[in-house]
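These numbers were taken from a predicted model, which means no experiment stands behind them. Values below: all heavy atoms of this structure, side chains included; hydrogens, waters and symmetry mates excluded.
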Amino acid sequence: MTVISSTSGKSSTNAYDAVPYESHPFKQSHPDRLATMATLFGMTPTPVEKCRVLELGCASGGNLIPMAYILPESHFVGVDFSGRQVLDGQNHIAALGLKNIELKQMNIMDVDSKLGLFDYIIVHGIYSWVPAAVQDKILQVCQDLLSPNGVAYISYNTYPGWHFRGIIRDMMLYHTASATEFDSSRTQPSDGGLLNTGALTGPPARARRARELMDFLAAAVPTENNAYGIMLQNEVQLVRNAQDSYFLHDHLEELNDPIYFHQFAERAASHGMQFLGEAEFSVMLSSNFGTQVHETLSRISNEIVRTEQYMDFVRNRAFRQTLLCRQGVVLNRNLKPQTLRPFFISIRPLKVLPEVNLGSTEPQTFEMDNNVTFNVGNPLTKATLQHLSKVFPCSVKFDDLVKIAMENVSAVTKQEYSFEVASEEIGRDLMQAFAVSMVALRSTPDPFVTAISDHPTSSALVRYQVQRQNHVTNLLHDATGVDILNRHIIELLDGSRTKAQLIDDVIKLIQAGKLNIQSDGVVLKVDEAKQLLQEIIDQALQNLGRQAVLIA
């Protein structure tokens, strides 16, 4: 993300050259997610495998480059105002040898039809941080460059949630207006950190002092029976571990202009665009609030923009990831079980896979890693969730999933099901599971493997990233952390080594002092480590498979 500070969209200096924004993958903006949501609501989007994608504010390509790597038949264009970040991204692209992506240093105000039409347009973390003229230009770009069945993703800060967050921002701006670095000769500032004590100014000092203020307020304001204190504490927890670039470019940026959802929808409509949905399906459902709230919202509004706005009021929502399409596109929001038939389905991690009783209709509870529970009585659905858990993180085409569930239940109950009946029952329950984010939908097959081959291979993207950063982008477009052992193993997984050769090379790393193996906190000698390496490498490869970083 690189924002522009003047009303014309031009700036003589660029804060993003001085402090680059952390460039990460945003799973919600991936073309597969956009195509899935479009298909779900009755559109016929361009297949993800052969599409054109534009990202405004691409930074150094942390979001766009992994897409280009995994979709070699598609074409990607990124635009950013920061020359430093664009150059970093171009070097990354050259190192990977990608031919289907180009990053351009360009002002958003200069984007025009010369770039061509795009099936998917991504604008993450830009809209709220630019002047009104640039906001209007972003929507104009969508109007001019989006293909007839295209989807645009735009994220932005929204009210009412940002009213309180705006108070925090105002405090930060006041406190950091004359921020300085602390004098390096002092171990403690005389005022506990709230007054300037040094002579140096700069972005790091502003971020540092913003953290000080948040910590001071969280400690000073009581939370017991104090709504203000509770909300303040929540904000502190949200940003405490954030990078400096987050403070500088999200909270301390010169411009930060939240908007009510209904106002954003009106602006989009003035550019010939309509609300398609949110990148996260679960947040669109009033049924997730409970029966009384759902019935009230249904009664006071049968128009989706108004309903969405009321849900924001109830949720105190502060951030949206909105999908737009052209106004002429006819949408179908009457979702039925058969709606799932085009999709590949996967499950999110469960805390524990329960002992599933396929011979009973007694409800069983499946608990996800985020503590959300899902109760299932239908044996077919139990068998479906059981299978998805066993093959996690892999996805399975809906029709194949139905056949597997029918076979597993019939083997226990000796009862035969018709495919149509099973599809209806499983589809109905999976739609409910999708509504609480228990299962995920994909429009394309998995681009990774979990089975360990004779010559295990990690993606070239991950091998490149692991040499430069602590997090890598897996083949599901998620950022995932990598420990020291896996970092070394990933570097070796170029497809040229068998598992035996892999063990030999890890032993060489131990002998060279670049890696050590511990047992109960004690560093093992080389001969001792050799005895455990087979098991350690096997476990590491299985974990990497579950992290979706291995390819065939």
Side-chain angles (χ1 to χ4, degrees), residues 25 62 65-73 91-101 346 349 390-396 444-552:
I65 292 173
M67 298 178 187
Y69 172 80
I70 204 62
L71 296 170
E73 301 281 321
N91 290 335
H92 188 169
I93 291 167
L96 291 171
L98 300 179
K99 305 299 183 184
N100 62 332
I101 178 172
S346 63
K390 288 180 178 179
V391 301
F392 172 86
C394 298
S395 63
V396 182
T444 55
D446 295 330
F448 60 90
V449 298
T450 55
I452 310 303
S453 69
D454 293 336
H455 291 74
T457 309
S458 62
S459 78
L461 174 71
V462 168
R463 291 201 306 276
Y464 176 86
Q465 290 180 330
V466 81
Q467 299 174 27
R468 293 161 176 81
Q469 56 199 51
N470 293 326
H471 287 78
V472 299
T473 304
N474 69 12
L475 297 170
L476 287 173
H477 208 60
D478 276 325
T480 182
V482 183
D483 63 27
I484 185 64
L485 173 62
N486 283 336
R487 292 173 71 85
H488 285 294
I489 291 177
I490 286 173
E491 289 187 60
L492 297 171
L493 297 181
D494 59 3
S496 67
R497 297 171 177 83
T498 64
K499 282 199 290 184
Q501 292 170 324
L502 189 61
I503 291 173
D504 289 341
D505 283 340
V506 171
I507 290 174
K508 292 176 184 177
L509 291 173
I510 296 173
Q511 292 172 332
K514 296 180 179 179
L515 182 66
N516 63 61
I517 303 297
Q518 297 184 12
S519 177
D520 297 326
V522 178
V523 176
L524 301 180
K525 297 178 181 178
V526 174
D527 289 340
E528 296 171 325
K530 283 182 181 179
Q531 300 174 23
L532 296 176
L533 273 180
Q534 178 71 54
E535 180 181 346
I536 290 172
I537 297 298
D538 284 344
Q539 186 61 55
L541 291 173
Q542 290 177 26
N543 290 339
L544 292 174
R546 289 174 66 85
Q547 286 181 291
V549 302
L550 301 182
I551 60 175

Margin query: Assess the residue pair L493 and V462 against the criterion (side-chain contact (heavy atoms from CB on, under 4.5 Å)); give the C-alpha distance rounded to whole Å, side-chain angles, the decisive distance to 0.1 Å, and a yes or no.
Written below: CA-CA 10 Å; L493 297 181; V462 168; over 6 Å; no
Next item on the list: Any pair with a residue in residues 480-491 that passes salt bridge (Lys or Arg N to Asp or Glu O under 4.0 Å), sequence neighbours left out, goes on the list, sorted by first then second residue, please.
Entry: none
Notebook entry, point to check: Tell me the salt bridge (Lys or Arg N to Asp or Glu O under 4.0 Å) pairs involving residues 459-470, sequence neighbours left out?
Noted result: none
Extract all donor-acceptor atom pairs below 3.5 Å that involve side chains of residues 471-481 and protein atoms in other chains or at least two apart in sequence.
| from | atom 1 | to | atom 2 | distance (Å) |
| --- | --- | --- | --- | --- |
| T473 | OG1 | Q465 | NE2 | 3.4 |
| N474 | OD1 | L476 | N | 2.9 |
| N474 | OD1 | H477 | N | 3.1 |
| N474 | OD1 | D478 | N | 2.9 |
| N474 | ND2 | Q547 | O | 3.0 |
| H477 | NE2 | N63 | O | 3.4 |
| H477 | NE2 | N63 | OD1 | 2.8 |
| D478 | OD2 | K27 | NZ | 3.1 |
| T480 | OG1 | Q547 | NE2 | 2.9 |

Nearest 0.5 Å, please: how far is [atom2] in [Y] from [atom1] in [X]?
X: I537; Y: L532; atom1: CD1; atom2: CG; result: 11.0 Å
X: I452; Y: T450; atom1: CD1; atom2: OG1; result: 7.5 Å
X: D446; Y: I551; atom1: CG; atom2: CD1; result: 14.0 Å
X: D494; Y: S458; atom1: CG; atom2: OG; result: 8.0 Å

Just to verify, what does [X] make a side chain to side chain contact (heavy atoms under 4.5 Å, CB included) with, not counting sequence neighbours?
X: S346; answer: S395, A440
X: N516; answer: Q518, V523
X: T498; answer: H455, A500, Q501

Next item on the list: Please report the closest heavy-atom contact between I489 and A540, naming both atoms and the distance.
Entry: CD1-CB, 3.6 Å
Could you pull out every donor-acceptor pair under 3.5 Å between side chains of residues 65-73 and any protein atom, sequence neighbours left out?
| from | atom 1 | to | atom 2 | distance (Å) |
| --- | --- | --- | --- | --- |
| Y69 | OH | A460 | N | 2.9 |

Next item on the list: Could you check N486 against V466 for side-chain contact (heavy atoms from CB on, under 4.5 Å), going step by step and ending with a plain yes or no?
Entry: CA-CA 9 Å; N486 283 336; V466 81; over 6 Å; no
Check: For H92, which residues count as a ring-ring contact (aromatic ring centres under 6.0 Å, His included) partner, sequence neighbours excluded?
Finding: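 Here the qualifying residues are Y464.
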Notebook entry, point to check: Taking it one step at a time, do L502 and L541 satisfy side-chain contact (heavy atoms from CB on, under 4.5 Å)?
Noted result: CA-CA 11 Å; L502 189 61; L541 291 173; 4.3 Å; yes
Item checked: Side chains of V526 and I517 in contact at under 4.5 Å (non-hydrogen atoms) ->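 Of all side-chain heavy-atom pairs linking I517 with V526, none is under 4.5 Å.
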Note to self: So F448 and C394, do their side chains get closer than 4.5 Å, heavy atoms only?
What the structure shows: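 A side-chain contact under 4.5 Å exists here.
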Table please: side-chain donor-acceptor pairs of residues 505-515 below 3.5 Å, with sequence neighbours left out.
| from | atom 1 | to | atom 2 | distance (Å) |
| --- | --- | --- | --- | --- |
| D505 | OD2 | R497 | NE | 2.5 |

Margin query: By the ring-ring contact (aromatic ring centres under 6.0 Å, His included) test, which pairs, at least two apart or in different chains, include something from residues 527-552?
Written below: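 Every pair satisfying ring-ring contact (aromatic ring centres under 6.0 Å, His included) with a residue in residues 527-552: there are none.
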Item checked: Pairs satisfying ring-ring contact (aromatic ring centres under 6.0 Å, His included), at least one member in residues 517-552, at least two apart ->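 Listed once each, the pairs would be none.
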Notebook entry, point to check: Is there any side-chain hydrogen bond (donor to acceptor under 3.5 Å, both in side chains) pair reaching into residues 527-539, and which pairs are they, with sequence neighbours excluded?
Noted result: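 Found K499-D538, Q534-D538, Q539-N543.
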